[in-house]
Number of protein chains: 2
Amino acid sequence: MAQKNKLQFIILGLLNQQPLTGYDLTKAFENEIGEFWQAQHSQIYPQLKRLETQGYIAHEVTVSGAKLEKKLYHITTEGSAILRDWISTGTPDLTATKDEFILKLYFIRSNHDPRLPEMLQEQLQLHTTKYHHLQQRLKTVFTDPASKQAHYGHYLILQHALGREEYYVDWLKQSLAALPTAR
Amino acid sequence: MAQKNKLQFIILGLLNQQPLTGYDLTKAFENEIGEFWQAQHSQIYPQLKRLETQGYIAHEVTVSGAKLEKKLYHITTEGSAILRDWISTGTPDLTATKDEFILKLYFIRSNHDPRLPEMLQEQLQLHTTKYHHLQQRLKTVFTDPASKQAHYGHYLILQHALGREEYYVDWLKQSLAALPTAR
DNA sequence: TACTATCATGTAATTAATTACATGTTTTAA
DNA sequence: TTAAAACATGTAATTAATTACATGATAGTA
């Protein structure tokens, strides 16, 4: 396998909460899920077909207006089972984060490199924006303690992402401060 | 493009430091670089050919022993130029970290889910090990201040990775502690 | 009524990346 | 001296993922 095809499990996981169309799933990747996983509709529709062939999901056609057909997919018992399996199975592989900025940094040899300040500054701006964005999401998605209870995993990972960005920003600030002053 | 083919730049970056064979490069991905990027030899050898066709690198054949041929690649002036371009160009896309554990967590609805403790525990173990490993590397790779000076970018990102793991471990511990106690 | 944004579903082409297949040499240690 | 580990270089098959191509319906608004 080139990857472990996690997309199938994400789809199963989302359908396990409620029936959705391919379009709905695509939207989910632009919002909620998009925070930590991406997929385009060109990947989603074929995957839905495969999952249905395997018997893990099924669909019924509904018609909106005069003739617009929607395929509303739902998870099957077998689908639920392999979703449970996937979640229950250990996750021993820590995937290296393929961060392009980090990669570029690796090839900077000297702390006097004139590109360093702007590079760090750009990332600081980006990660600060992301930090604020996550802060906002945490606030809007989990308004009351009950919503945390109902989506505890989501709460945990949003909190995790926020903390991660906070650290990233701190590290960038520290690295900028440690740079030799031009004079 | 499916990705932005960062591999070519990594190869150029490594060859910019010293001439290397395909085998050397493969090893580099198992050690140094492996900390934050992966590539197999089956990807490296074809990429070397492409880079040579493009005129960014060139090679000479050396013979070890009786007949074992090695291709020692070095970067060309043009190669150096596009490497510089890549590093100097902004890096505005923050790649979402595709962490399988995080993904699984997302589908855990309740903090009473019986799978939660073992899941968090497993990750705690893994990330603690990784943390210690990184701590060790930082110690062995950068023994004196001079080595930090000579490979400043590498120093920065190792430090960054260490801090990231430290935070991950903290977050896992906190999440474990916040779990409702079984009774 | 006409236009635009969004809804809705697909396929094709291309690139990236992993796993597997394939072969031969040199060095080191038992 | 012989066997194993490491050195060394490739190709093929498969899967994953992105970008581009392609089509049409519905809802809202100007």
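Here is how names work: the chains are called A, B, and so on, in the same order as the sequence lines, proteins then strands, and each is numbered from 1.
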How are the rings of B:Trp171 and B:Phe101 set relative to one another: parallel (under 30°), tilted (30 to 60°) or perpendicular (over 60°)? perpendicular
Side-chain N or O of B:Tyr23 closer than 4.0 Å to phosphate OP1/OP2 of D:dC7: yes
Mind checking the CG-CZ spacing from A:Leu25 to A:Phe29? Nearest 0.5 Å is all I need. 7.0 Å
B:Tyr73 OH to B:Ile57 CD1 distance, which is reported to the nearest 0.5 Å: 6.0 Å
Is the shortest side-chain N/O distance from B:Lys27 to OP1 or OP2 of D:dC7 below 4.0 Å? yes
Donor + acceptor pair across side chains of B:Gln136, B:Thr140 (<3.5 Å): no
Under the side-chain hydrogen bond (donor to acceptor under 3.5 Å, both in side chains) test, residues paired with A:Asn111 that sit two or more places apart: none
What pairs of residues pass the salt bridge (charged side-chain N to carboxylate O under 4.0 Å, His left out) test when at least one of them lies in residues 69-96 of chain B, not counting sequence neighbours? none
To the nearest angstrom, how far is B:Glu100 atom CD from D:dA16 atom P? 13 Å
Enumerate donor-acceptor pairs with a distance under 3.5 Å from any side-chain N or O in residues 156-170 of chain B to protein atoms, sequence neighbours excluded.
| unit_1 | atom_1 | unit_2 | atom_2 | d |
| --- | --- | --- | --- | --- |
| B:Gln159 | OE1 | B:Tyr155 | OH | 3.2 |
| B:Arg164 | NH2 | A:Thr97 | OG1 | 3.4 |
| B:Glu165 | OE1 | B:His127 | ND1 | 2.6 |
| B:Tyr167 | OH | A:His160 | O | 3.2 |
| B:Tyr168 | OH | B:Asp99 | OD2 | 2.7 |

Heavy-atom contacts under 4.0 Å between residues 40-62 of chain A and DNA chain D, which residues? A:Gln40, A:Ser42, A:Gln43
Partner set under side-chain hydrogen bond (donor to acceptor under 3.5 Å, both in side chains) for A:Thr91, not counting sequence neighbours: B:Lys104
Check side-chain hydrogen bond (donor to acceptor under 3.5 Å, both in side chains) between A:Gln174 and all other residues, then give those that pass, not counting sequence neighbours. none
Would you say B:Thr26 and B:Glu30 are linked by a side-chain donor-acceptor pair, where the criterion is simply a distance under 3.5 Å? no
Kindly list each side-chain donor-acceptor pair under 3.5 angstrom involving residues 14-22 of chain A, sequence neighbours excluded, with atom names and distances?
| unit_1 | atom_1 | unit_2 | atom_2 | d |
| --- | --- | --- | --- | --- |
| A:Asn16 | OD1 | A:Ser80 | OG | 3.2 |
| A:Thr21 | OG1 | A:Tyr23 | N | 3.3 |
| A:Thr21 | OG1 | A:Asp24 | N | 3.0 |
| A:Thr21 | OG1 | A:Asp24 | OD1 | 3.4 |
| A:Thr21 | OG1 | A:Asp24 | OD2 | 3.1 |

Report, one pair per line, the protein and nucleotides 1-4 of chain D atoms (nitrogen or oxygen only) whose separation is under 3.5 Å.
none

Of all the choices, D:dT18, D:dG10, C:dT9, which nucleotide is nearest to the side chain of B:Tyr73 once you look at every atom? D:dG10
What pairs meet the salt bridge (charged side-chain N to carboxylate O under 4.0 Å, His left out) rule with one or both residues in residues 41-56 of chain A, with sequence neighbours excluded? none
State the dot-bracket string of DNA chain D. Criteria: Watson-Crick or G-U wobble, both atom distances under 3.5 angstrom; notation: ( ) intrastrand, [ ] crossing earlier pairs, | interstrand, . unpaired. ||||||||||||||||||||||||||||||
Salt bridge (charged side-chain N to carboxylate O under 4.0 Å, His left out) pairs touching residues 128-138 of chain A, sequence neighbours excluded, are A:Glu32-A:Arg137, A:Glu35-A:Arg137
Quick one: which protein N/O atoms are closer than 3.5 Å to N/O atoms of nucleotides 26-30 of chain D? Pair and distance per line, please.
| unit_1 | atom_1 | unit_2 | atom_2 | d |
| --- | --- | --- | --- | --- |
| D:dT26 | OP1 | A:Ser64 | O | 3.0 |
| D:dT26 | OP1 | A:Ala66 | N | 2.7 |
| D:dT26 | OP1 | A:Lys67 | N | 2.6 |
| D:dT26 | OP1 | A:Leu68 | N | 3.1 |

